[in-house]
Trainee: 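Sharing a structure with you now.
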Amino acid sequence: MLSEEYTVKDYLDSSSWLSQLSYQRAWVEIDHSALIHNVQEIKKILGPKTALMGVVKADAYGHGNVAQTLLDAGCSSLAVATLNEGIELRKAGITASILLLGATNTPAEIKAIALWDLEPTLCDHHQALLYSDTLKALGATLRVHLKLDTGMSRLGVPWYEATSFASLVQRLPGLEIASIYSHLATADDPNPQVMSLQQERYEEAIAQLNLHNLTPPCLHLANSAATLSDRTCHYDLVRVGLALYGLYPAAHLRKVVSLRPVLQVKARVTQVKTIPPGTGVSYGHQFISDRSLRIAVVGIGYADGVPRRLSQRLQVLLRGQLVSQIGAITMDQLMLDVSAIPDLQVGEVVTLLGKQGNISLEVDQWASLLGTISWEILCGFKNRLPRVNQ
Ligand SMILES: *Cc1c(COP(=O)(O)O)cnc(C)c1O
């Protein structure tokens, strides 16, 4: 019970309550010095005229509020996928330019983009006309980025229509071309064939633009993989996501730069108990003990971003040693076999991803166990996990 003098409001106003609560159950730890290191490592392989755009879509790949650190470390601009992500950055006080990678097609979106000073991607003639009409009515002007489809078959006008598209946009009031870009489909593949074809198409489009006096002020093509694999893809700017967060887009790119993982996922032991032989554990009793076992319950589950398909395959770190997860991972909790640590206490910290002692558990290991990519694992960590600074 709080005393009469010490009200709930006082408690909420005291600066430490939130940070204390953040460490109670489960959390994501963010190492800002690793972020800074990764920006510096990536900048080492960029020429002096190539800028680094930090891709912070999907809550900065699950890392939360890291945009300002990236900017301070040397990113010159940011990219997000959705309008709301852009607005959230502005509300957080970010003043750098913010590219919206996704499509926006309605007057309501266009007004919000103008209001929040975001920079949209244009990828279609109708869209360009709607933008111009809407901005005319507002008396506003926007810097826009033209997207070419050179082989990804996602957003963009076909590369061979670059000239007609750019000349339309240039003639439309309210629109100022800030860049022309494209996106690569296979930059993480050691076989460069498709990437080379895409780059040829991109360069062909740029050559045509130059011929028609439509030379764009900024060219960009590379994601993390192309940034690490091929300097001829760097142009004026590279759009880097994954590598900023310390992960490699493919194993063969590990030798190019030395990146450090930024995120660790941790949770606490919430109960420890002994179960007799023949006892089932968790939903469906996928696990049945063959002997007396010491088990620990941990306060993290698939609603936090620990994929349920890792059930019985997950290993975590406790007191610097590997411990096996048993039974089905549930929405909010999971169980461990801690027979090797008989004196384990409630409240001890379990590392699911990250380092304890000499052992580290990596996002790439989860991705390969699940037959997916590290990007998907990172984006799975939900807001329910507080982000705390390491
Ligand atoms: C997500 C994204 C990126 C960043 O990709 P990474 O592989 O994470 O570096 C770059 N460009 C576009 C268009 C994207 O959608």
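On a predicted model such as this, the values are computed, not experimentally measured, just so you know. Each residue takes its place number in the sequence, starting with 1.
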Trainee: So which of Leu263, Leu353, Ile373, Asp59 actually passes side-chain contact (heavy atoms from CB on, under 4.5 Å) with Leu378?
Mentor: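 For Leu378, the side-chain contact (heavy atoms from CB on, under 4.5 Å) test succeeds with only one of Leu263, Leu353, Ile373, Asp59, which is Leu263.
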Trainee: Any donor and acceptor pair, going by atom type alone, linking the side chain of Asp304 with main-chain N or O of Gly301 inside 3.5 Å?
Mentor: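 The answer is yes, because a donor-acceptor pair under 3.5 Å joins these two groups.
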Trainee: Given the rule that I, L, V, M, F, W and Y join up when any side-chain heavy atoms are under 4.5 Å apart, are Phe287 and Val298 in one cluster?
Mentor: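 Cluster IDs for Phe287 and Val298 differ.
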Trainee: Just by distance, do the side chain of His63 and the backbone of Val28 share a donor-acceptor pair under 3.5 Å?
Mentor: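 The answer is no, because no donor-acceptor pair under 3.5 Å joins these two groups.
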Trainee: Would you say Val169 and Tyr160 are hydrophobically clustered, going by side-chain heavy atoms of ILVMFWY under 4.5 Å?
Mentor: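 Shared cluster, no.
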Trainee: For Arg308, does the CZ atom have more than 12 heavy-atom neighbours from other residues, nucleotides or ligands under 6.0 Å away?
Mentor: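 Count not over threshold, so no.
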Trainee: Between Tyr245 and Val363, does a side-chain contact (heavy atoms from CB on, under 4.5 Å) hold up when you go through it step by step?
Mentor: CA-CA 11 Å; Tyr245 309 107; Val363 177; over 6 Å; no
Trainee: Tell me whether Glu376 at atom CD has more than 12 heavy atoms from other residues, nucleotides or ligands lying less than 6.0 Å away.
Mentor: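 No, the 6.0 Å shell around CD holds no more than 12 heavy atoms from other groups.
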Trainee: Rounded to the nearest 0.5 Å, how far does CD1 of Ile45 lie from OG1 of Thr227?
Mentor: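 One finds 6.5 Å between OG1 of Thr227 and CD1 of Ile45.
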Trainee: So, taking the atom named CD1 in Ile329 and the one named CD in Gln312, what distance separates them when rounded to the nearest 0.5 Å?
Mentor: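 Nearest 0.5 Å value for the CD1-CD distance: 9.0 Å.
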Trainee: Any chance you could measure Leu172, atom CG, to Ile177, atom CD1, to the nearest 0.5 Å?
Mentor: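 Output value for this atom pair is 9.5 Å.
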Trainee: Are side-chain N/O atoms of His234 and Thr50 paired as donor and acceptor at under 3.5 Å?
Mentor: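 Short answer, no.
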Trainee: Can you establish whether the number of heavy atoms outside Asn65 located under 6.0 Å from its atom CG is more than 12?
Mentor: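 At most 12 heavy atoms, drawn from other residues, nucleotides or ligands, come within 6.0 Å of this atom.
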Trainee: Between Gln198 and Ala185, is there a donor-acceptor pair closer than 3.5 Å when you use the side chain of the first and the backbone of the second?
Mentor: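 Indeed, once roles are kept as given, a pair shorter than 3.5 Å links the two residues.
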Trainee: Give a yes or no on whether the backbone of Ala73 and the side-chain of Gln40 come within a donor-acceptor separation of less than 3.5 Å.
Mentor: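 Answer holds: no.
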Trainee: Can a side-chain donor-acceptor contact be found between Asn105 and Glu109 if the only test is distance below 3.5 angstrom?
Mentor: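 Glu109 vs Asn105: no donor-acceptor pair found between side chains.
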Trainee: List the steps, then state whether side-chain contact (heavy atoms from CB on, under 4.5 Å) holds for Arg294 with Leu344.
Mentor: CA-CA 9 Å; Arg294 197 82 183 133; Leu344 183 71; over 6 Å; no
Trainee: According to a 4.5 Å side-chain heavy-atom criterion applied to Ile, Leu, Val, Met, Phe, Trp and Tyr, with indirect links allowed, do Ile288 and Val281 form part of one hydrophobic cluster?
Mentor: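 No, no single cluster joins them.
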Trainee: Which pair of non-hydrogen atoms, one from Gln127 and one from Thr104, has the smallest distance, and what is that distance?
Mentor: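 Taking Gln127 first and Thr104 second, the nearest heavy atoms are NE2-O, 2.9 Å.
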Trainee: Of all the heavy-atom pairs spanning Asp337 and Val323, show the shortest one and how long it is.
Mentor: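 Minimum heavy-atom contact is O-CG1, 3.2 Å.
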Trainee: Taking the side chain as every heavy atom from C-beta outward, state whether Leu142 and Pro120 have any pair of such atoms under 4.5 Å apart.
Mentor: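 SC-SC contact between Leu142 and Pro120 confirmed.
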Trainee: Do we see a donor-acceptor contact under 3.5 Å between the side chains of Tyr235 and Glu203?
Mentor: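 Judged by distance alone, the side chains do pair up.
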Trainee: Pro158 versus Asp149: any side-chain heavy-atom pair under 4.5 Å?
Mentor: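 No, too far: nothing below the 4.5 Å cut-off.
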Trainee: If we ignore angles and hydrogens, is there a donor and acceptor under 3.5 Å between the side chains of Asn84 and Thr82?
Mentor: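 Result is no, nothing qualifies.
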Trainee: So Ile113 and Tyr131, do their side chains get closer than 4.5 Å, heavy atoms only?
Mentor: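 With C-beta onward as the side chain, the pair touches.
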Trainee: What are the two closest non-hydrogen atoms of Ser311 and Gln286, and how far apart are they?
Mentor: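 So the two residues come closest at CB-OE1, 4.4 Å.
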Trainee: Between Leu259 and Leu247, is the side-chain contact (heavy atoms from CB on, under 4.5 Å) condition met? List the steps.
Mentor: CA-CA 7 Å; Leu259 304 174; Leu247 301 183; over 6 Å; no
Trainee: Any side-chain heavy atom of Thr141 sitting closer than 4.5 Å to one from Leu135?
Mentor: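 The answer is no; the side chains never approach within 4.5 Å.
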Trainee: Please give me the minimum heavy-atom distance between Val338 and Ile295, naming the atom from each residue.
Mentor: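 So the two residues come closest at CG2-C, 3.7 Å.
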Trainee: Can you tell me how far CE of Met53 sits from CD1 of Ile98, rounded to the nearest 0.5 angstrom?
Mentor: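 If I round to the nearest 0.5 Å, the distance is 10.0 Å.
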Trainee: Do side-chain atoms of Tyr202 reach the backbone of Leu148 as a donor and acceptor pair under 3.5 angstrom?
Mentor: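 Looks like no, no N/O pair under 3.5 Å.
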Trainee: Ignoring hydrogens, what is the shortest heavy-atom contact between Arg291 and Ser339? Give both atom names and the distance.
Mentor: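 Nearest pair, atom of Arg291 first, then Ser339: NH1-OG, 4.4 Å.
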Trainee: Identify whether NZ of Lys or CZ of Arg in Arg90 sits under 6.0 Å from the centre of the six-membered ring of Trp116 and within 45° of that ring's axis.
Mentor: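 No, Arg90 does not lie over the aromatic ring of Trp116.
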Trainee: Mind running side-chain contact (heavy atoms from CB on, under 4.5 Å) on Asp31 and His37 for me, showing each step along the way?
Mentor: CA-CA 10 Å; Asp31 180 354; His37 166 87; over 6 Å; no
Trainee: If you apply the rule salt bridge (charged side-chain N to carboxylate O under 4.0 Å, His left out), what do you find for Glu204 with Arg201, and how did you get there?
Mentor: CA-CA 5 Å; Glu204 199 181 301; Arg201 289 171 171 174; over 6 Å; no
Trainee: Is the shortest side-chain heavy-atom distance between Tyr61 and Leu244 below 4.5 Å?
Mentor: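 No, every pair of side-chain atoms sits at 4.5 Å or beyond.
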Trainee: Would Trp159 and Leu214 show up in the same hydrophobic cluster when neighbours are defined by side-chain heavy atoms closer than 4.5 Å?
Mentor: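 As far as the 4.5 Å side-chain criterion goes, Leu214 and Trp159 are not connected within one cluster.
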Trainee: Does any N or O in the side chain of Ser132 come within less than 3.5 Å of the main-chain N or O of Ala128, such that one atom is a donor and the other an acceptor?
Mentor: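 Checking the backbone N and O of Ala128 against the side chain of Ser132, no donor-acceptor pair under 3.5 Å is found.
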Trainee: Within this structure, what is the NE2-CD distance for the pair His212 and Gln170, rounded to the nearest 0.5 Å?
Mentor: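 Result: 12.0 Å between the selected atoms.
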Trainee: According to a hydrophobic-cluster definition based on side-chain heavy atoms being under 4.5 Å apart (Ile, Leu, Val, Met, Phe, Trp, Tyr only), do Val349 and Leu385 belong together?
Mentor: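 Unlinked, Val349 and Leu385 end up in two clusters.
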Trainee: Report yes if some heavy atom in the side chain of Arg171 is under 4.5 Å from a heavy atom in the side chain of Ser167; otherwise report no.
Mentor: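 Contact flag for Arg171/Ser167 side chains = yes.
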Trainee: Would the distance check show the side chain of Glu161 and the main-chain N or O of Val157 forming a donor-acceptor pair, the cut-off being under 3.5 Å?
Mentor: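 Not a single qualifying donor-acceptor pair exists.
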Trainee: Looking at Lys382, I'd like to know if its NZ atom is crowded, meaning that more than 12 non-hydrogen atoms belonging to other residues, nucleotides or ligands lie closer than 6.0 Å.
Mentor: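 Count over threshold, so yes.
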Trainee: Ile377 and side-chain contact (heavy atoms from CB on, under 4.5 Å): which single residue from Thr372, Val306, Leu369, Leu310 fits?
Mentor: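 Exactly one candidate clears the test, Thr372.
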Trainee: Quick check: closest heavy atoms across Val388 and Trp27, and the distance to 0.1 Å?
Mentor: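 Smallest interatomic distance, heavy atoms only, reads CG2-CD1, 3.5 Å.
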Trainee: Is the backbone N or O of Arg260 less than 3.5 Å from a side-chain atom of Asn38, with the two atoms forming a donor-acceptor pair by type?
Mentor: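 It does hold such a pair.
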Trainee: If the threshold is 4.0 Å, N to carboxylate O, is there a salt bridge linking Arg254 and Asp364?
Mentor: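 Between Asp364 and Arg254 there is a salt bridge, with a charged N closer than 4.0 Å to a carboxylate O.
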Trainee: Report the relative orientation of the aromatic rings in His125 and Phe165; use parallel for angles under 30°, tilted for 30 to 60°, perpendicular for over 60°.
Mentor: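 The rings of His125 and Phe165 sit tilted, inter-plane angle from 30° to 60°.
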Trainee: Rounded to the nearest 0.5 Å, what's the gap from CD1 on Ile180 to CG on Leu146? Could you check?
Mentor: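 Those atoms lie 4.5 Å apart.
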Trainee: Tell me whether Gln356 contacts the main-chain N or O of Arg319 through its side chain, where contact means a donor paired with an acceptor under 3.5 Å.
Mentor: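 Looks like yes, one N/O pair under 3.5 Å.
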Trainee: Any side-chain to backbone donor/acceptor pair from Thr270 onto Val297? Under 3.5 Å, distance only.
Mentor: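 Yes: the side chain of Thr270 pairs with the backbone of Val297.
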Trainee: Using side-chain heavy atoms (C-beta onward) and a distance below 4.5 Å, is Val269 in contact with Gln345?
Mentor: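 When only atoms from C-beta onward are counted, Gln345 and Val269 do not touch, as no gap falls below 4.5 Å.
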Trainee: If the plane angle is over 60° it's perpendicular, under 30° parallel, otherwise tilted; pick one for His145 and His220.
Mentor: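 The rings of His145 and His220 stand perpendicular, inter-plane angle above 60°.
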Trainee: Would you check if Leu221 and Gln199 make a side-chain contact, meaning some heavy-atom pair closer than 4.5 Å?
Mentor: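 Yes, side chains in contact.
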